[in-house]
Every structure is written in C-alpha cells, then in structure tokens.
Number of protein chains: 2
Amino acid sequence: MARRNDHTREELHELALSAAEEILQTRGVQALSTRKVAAAIGYSAGSLYSVFSNLDDLCWQLNSRTLNELMAALKAVKVASPKTSLYAYADTYLAFAARYPERWRLLFEHRSSDSNRLPAELALRIESLFELIEKALSDLFQDSAEVIAVRARVLWSGVHGIAQLRSGDKLFLHQADAERKMLDALIEGLLSGWSLEAERDA
Amino acid sequence: MARRNDHTREELHELALSAAEEILQTRGVQALSTRKVAAAIGYSAGSLYSVFSNLDDLCWQLNSRTLNELMAALKAVKVASPKTSLYAYADTYLAFAARYPERWRLLFEHRSSDSNRLPAELALRIESLFELIEKALSDLFQDSAEVIAVRARVLWSGVHGIAQLRSGDKLFLHQADAERKMLDALIEGLLSGWSLEAERDA
DNA sequence: GCATGTAATTGAACACTGTTCAAAAAAGGA
DNA sequence: TCCTTTTTTGAACAGTGTTCAATTACATGC
C-alpha cells in the first residue's frame, strides 16, 4: 500500500495532532508514541515524519495548541475591577490545569533533548499572558513598569505554584475549600501588602 | 560470568543510586536508563532488579535522596527572626533548584505509571518542610493553625512557582537581580498584607 | 578435600520505543 | 500511454524496560 491520498498534508497534520491530544489526555505522556498516534489515525509511524520533524516537534505543537486554548480562556475573562479580574484569571488557570492535567503538565515538562530553548511562538504567548496580569496590576498601582512586571510574575508564580503542587498532590492541606482559601490568601495578601508599600512611600 | 560477590546487596544499591544520580545530573532524565546505570557500575541491567523493583522504584529512591538533601539544607538554616528565616528558606530552596536542576525537576515530574500516589516516606518529608514554614509564620501571626497552614502553602507555592518558571525560562523578566526582587515582592508583600489583615480584624 | 546447596550475575529474549529510507504504488501531467 | 511527482509503507537499526533460564562462585556439611 502506498499513496492513498485520503487526506491532504494539512488534514493529516490536524488529524495526528488531535489523536495525540486524545492519547495524552486519556493515557498520559508516557503512552504518547509515534506508533500509537499513527495507529489511531490509520497511518504508519513513518508518515508522521512528513508532517512533523520528530516527536519533539509534535509535542511542541501540542503545547502550542494547549497554550492557545488556555490563552483564549483567559482572554475571555470579563474585565471588571482589577481585583476581580485577577481572581478570574487565577480561577480560570486553576480550572484549566484541573480539567486538562496531562496537557497542562506537558506545557512545563516538555524539553527538547538538544536545545532547551522553547520555540519563539510559545514564548510570545507566555509574555502575552503576563501582559494580562500587568494590565490589571497597573490599574491598581502607580509603580514603574519594572515593578509591575516583577509583581505580575510573582503573582503568577503563586497561582502556578498552587496549580502544580495540587496537581502532584503535594499540598497536604486537608481543609474544605482549600483552593479558594489559598487563592484568597495569595491575592488578598499580595495586593494589600503592595498597597501598604505604596502608602508608606507616599 | 556470574556470582562475583564484589559487593554486598547494600553496596550495589548505593552504587547504583549514586551512578543514577550522576547520570541524571549530567545528562538529564531522558538519559537515565537501566542499561546506562548498570554499565556505569560494571554490572548488567538485570542485576539492578535484585535491588530495585524497577526503574520507577529507582527514581522514587533518587527523589528520596534529593528530598533528604534538600531538607537537610533547609534545616541547617539558622533561625533568626521569623522573617529572615523565611527569606533564608526561600533562598536555600531556589539555590538548590538552581544547583541541581535535573534532580529538582525529577522531584515533581516523576509519576508512576500504575499508581499516581507518591510513597508515604516522601509525603512525610514534604509535610515536615511545610512545618518549617508554619513554625516561622506562627511566630508572626496569631491566627488559627488552619490559617497558618494555608499561608505556609501559599508562601511555598510562590517560592516553588518562581523556581519552576525560572528553571523553564518562562519568566521573561530581563532585569538585574530579578530573583531577589521577586522574592522581596513575594515575601514582603504577603507578610505585610497578612499583618494588615490582622490589624483590621482587631 | 569434596559434594551439595545457595545465592549472585549474566545474557539472551520479548515487546516496546524513535527514526530513517529504499521501495512501491497511486495520482497528475504531457 | 509514458513519465514524473508525491504519498505511504514496511523493514531495518539502535535503543528502551523487564523477565528468566542458565551459569558460576561461594558457603556449608561431611
């Protein structure tokens, strides 16, 4: 068998990516293999190499999709007050990490063997995520862009850290509404702490 | 060849673990294979199975070692004021993550295929880490144990999040002393925010 | 010293993995 | 119809985790 022309290059690309996503979500990263993806779409493993340079490449493109979806969810957040926006961003992020744990983990666990740098496309999207937070923070504080940038990353590190420790069952916090309480302590704490700093400087 | 009796079971165990650690640190997780570990200590791959139940088990034990070392470093921190202690804990953690990036990553990335639960031994050590933070926080705030527990985890999520985003080059913060500034914003912000909350409630 | 049992170690085997590439076959053009 | 181009395969290679019969050396009893 050869040359069936069942699908265009683009269709094959999309098909493979969707199948890979499905395998990733349902059976985890360790089950994500070229042969399984190929079998799922009725092609041979070799065919994937006409559409991806290798499995690493496929993973990067999976991450690109995931980040796309995550960013869309974040950008769909209704911007009300800066504070409620920040809460909504955090909620959305935690919800996404909980709904798609494997895809979300791959976002941080995937590294290329040869070069550790992440593709420029992904980098841009991450920067635009920080811009969302920075925007909300600039409405709250009159500090320099540098200070705002630091604070946005600190706030996000906190949210991300909560997501990661929870995802790995490493929180050991056996309380009701633990997540809500943590988000409250983080956001409320940081915002009022930074406000206080502004008052002191004035 | 068979039955050389060069090493006792315990020696073989220790030898293999050290070799695995070396490979992990120098060549990354992906290079960590039974055959490479075995070759490094002059044994065959099958021999490892008399000392570890499988590669997963070896990884858990590697993580146990890493967590041991990390906890020792944290417990060696001179406890001065609560605040300086918290700073020192955070510094120590970030320094450890920077010095042993691969070992530190394995701590969070390793999951068994069959069961996702982490061994009880590791869980205990993580809880004792949180206890360090809780102790420092109880000296600062008169809140309930539940509130302290939440705050300890929030603070640590922040420190951990910074470590992880930095380790994956996902911070995009091109400033001098970025790490110091972030730690300042996190710890100073949270502590003064939580203090303010206490004043309000009083 | 010698047989016997026991414990350690290997190497081959099996079923996987990513990746490459000659060969085959179908589509499209002249 | 012939020829070229493109698509697709399947075999091959080197690597992986894991199991297990076979082998060898040590320890014990006589």
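The chains referred to below are lettered A, B, ... by the order of the sequence lines, with proteins before strands, and numbering in each begins at 1.
Few gaps surround NZ on A/Lys36; more than 12 heavy atoms of other groups in view lie less than 6.0 Å from it.
Among the heavy atoms of the strands lying under 4.0 Å from A/Leu32 are primed sugar atoms or P, OP1, OP2 only; no base atom is included. Among the heavy atoms of the strands lying under 4.0 Å from B/Ser33 are primed sugar atoms or P, OP1, OP2 only; no base atom is included.
The NE2-P distance, from B/His110 to D/dG17, rounds to 13 Å in whole Å. Remark: P of C/dG18 and CG of A/Asp56 are 11 Å apart, rounded to the nearest angstrom. Rounded to whole Å, the distance from CG on B/Asn5 to P on C/dT10 is 12 Å. One can place CG of A/Asp6 at 14 Å from C1' of D/dT6, the figure rounded to the nearest angstrom. Between the CZ atom of A/Arg35 and the P atom of D/dA11 there is a distance of 11 Å, rounded to whole Å. Taking atom CG of B/Asp57 as the reference point, atom C1' of D/dT18 lies 14 Å away to the nearest angstrom. Taking atom CG on B/Asn54 and atom P on D/dT19, their separation rounds to 7 Å, with Å as the unit. Atom OH of A/Tyr49 and atom P of C/dG18 are 6 Å apart (whole Å).
No hydrogens or angles considered: nothing links the side chains of B/Ser157 and A/Arg166 as a donor-acceptor pair under 3.5 Å.
Within the 4.0 Å cut-off from OP1 or OP2 of C/dC16, not a single side-chain nitrogen or oxygen of A/Lys36 is found. For the pair A/Ser47 and D/dT9, the criterion of a side-chain N or O lying under 4.0 Å from OP1 or OP2 is met.
The side chain of A/Ser44 has D/dG10 as its nearest neighbour among D/dT18, D/dG10, C/dT10. Nearest nucleotide to the side chain of B/Arg4, out of C/dT10, D/dT7, C/dA8: C/dT10. Nearest to the side-chain atoms of B/Tyr43 among the listed nucleotides C/dT10, D/dT7, D/dC26 stands C/dT10. Listed nucleotides C/dT10, D/dT18, C/dT19 differ in distance to B/Thr34; the shortest reach to its side chain belongs to D/dT18. Distance from the side chain of B/Leu55 is smallest to D/dT18 among D/dT18, C/dT17, C/dG18.
Between A/Tyr89 and A/Trp156, the ring centre distance reaches or exceeds 6.0 Å.
The aromatic rings of A/His7 and A/Tyr43 are tilted relative to each other, their planes meeting at an angle between 30° and 60°.
For residues 141-154 of chain B, every residue pair satisfying the salt bridge (charged side-chain N to carboxylate O under 4.0 Å, His left out) rule, not counting sequence neighbours, is listed here: B/Glu134-B/Arg153, B/Asp143-B/Arg151, B/Arg151-B/Glu197.
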